[in-house]
Each structure stands twice: as C-alpha cells, then as structure tokens.
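Below: one structure, written as structure tokens.
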Amino acid sequence: MTRHVPHQRTGRPTGSQPWWRTLGSWGDRRTGAAPAASALTLRRALALFGLLFCSVTAGLFAVSGQVGPAVALAAIAVTALVDLLVIHRRAAARREGRHPS
C-alpha cells in the first residue's frame with residue numbers, strides 16, 4: 001500500500017504569480033514569452049513555391065499530353081496565386097496599421 005502524501009505548499013503568498021509568468025508584458029501568460037511574429041513571410045514563401053512548382057509541372061504534363069494531372073496542378077497553382085493575393089492584402093493592411101478583413 002502507498003501512503004497518502006500531504007499537499008506541498010510553496011513559500012509564495014496566494015494570488016501572486018510564479019516568476020515565469022511575470023517575464024512578459026502581454027505575451028503568453030503561461031511562459032512569459034513575447035507575442036509570436038506573423039507567419040505571413042513563411043506563408044508567402046510556401047505559396048510562391050507552390051505556384052512555381054505547380055505551374056511548371058502542369059506545363060510539363062500538358063506538353064506530354066497528360067491532361068488530368070495538368071488540370072489538377074493548374075487548379076492548385078491558381079489556389080496558390082489567390083493565396084498570394086490575400087497575403088499581399090494582409091501585409092499591406094498591417095503596414096498601414098489597420099486590421100485586415
């Protein structure tokens with residue numbers, strides 16, 4: 001049988017926060033980390049890669065006569081292009097200081 005271990009108390013008064021919660025001002029309240037930076041740059045890079053890769057590959061499939069994969073990749077390329085436009089609009093809104101819709 002195991003014995004019941006009594007609840008451990010800390011020397012800190014009730015209601016105060018531990019040191020790791022007081023490090024940041026408006027960051028993550030659990031860790032005190034600063035707010036995360038925007039992932040728009042990574043999203044832009046991935047969308048650009050997807051646009052270029054899918055466009056080139058769709059063109060190669062179209063030249064070789066395989067229409068199905070060419071159409072599917074062209075649709076993905078169009079989606080990446082729309083995503084790039086949305087990213088551009090959000091980045092412009094952030095630069096102007098207004099909330100993107």
Side-chain angles (χ1 to χ4, degrees):
M1 289 270 178
T2 58
R3 292 178 42 192
H4 176 63
V5 178
H7 179 68
Q8 301 292 316
R9 294 182 181 253
T10 62
R12 183 171 84 243
T14 306
S16 69
Q17 294 183 349
W19 64 271
W20 63 85
R21 290 190 180 177
T22 59
L23 291 177
S25 58
W26 286 104
D28 187 6
R29 289 295 179 196
R30 288 172 286 136
T31 62
S38 172
L40 284 179
T41 305
L42 176 62
R43 186 173 162 189
R44 179 182 289 137
L46 290 173
L48 186 62
F49 172 77
L51 176 65
L52 293 175
F53 178 79
C54 289
S55 298
V56 170
T57 309
L60 291 174
F61 274 125
V63 167
S64 69
Q66 297 178 348
V67 178
V71 170
L73 286 168
I76 295 172
V78 168
T79 304
L81 180 63
V82 170
D83 191 31
L84 279 170
L85 295 174
V86 170
I87 292 167
H88 179 71
R89 194 179 107 211
R90 288 187 180 181
R94 177 173 290 165
R95 282 191 300 271
E96 293 175 3
R98 58 183 172 87
H99 187 340
S101 57

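Each residue takes its place number in the sequence, starting with 1.
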>> Within this structure, what is the CD1-CG distance for the pair Ile76 and Asp83, rounded to the nearest 0.5 Å?
In response: 13.0 Å
>> Can you tell me how far apart CG (Leu46) and CG (Leu84) are? Round to the nearest 0.5 Å.
In response: 10.5 Å
> Any idea which heavy atoms bring Arg43 and Arg90 closest together, and the distance?
Replying inline: NH1-NH1, 3.5 Å
> Considering all heavy atoms of both residues, which atom of Leu73 and which atom of Cys54 are nearest to each other, and what is their separation?
Replying inline: O-CB, 3.5 Å
> Shared ILVMFWY cluster between Ile87 and Leu81, side chains joined below 4.5 angstrom?
Replying inline: no
>> If you compare all heavy atoms of Ala80 against all heavy atoms of Ala47, which two are closest, and at what distance to 0.1 Å?
In response: CB-O, 3.6 Å
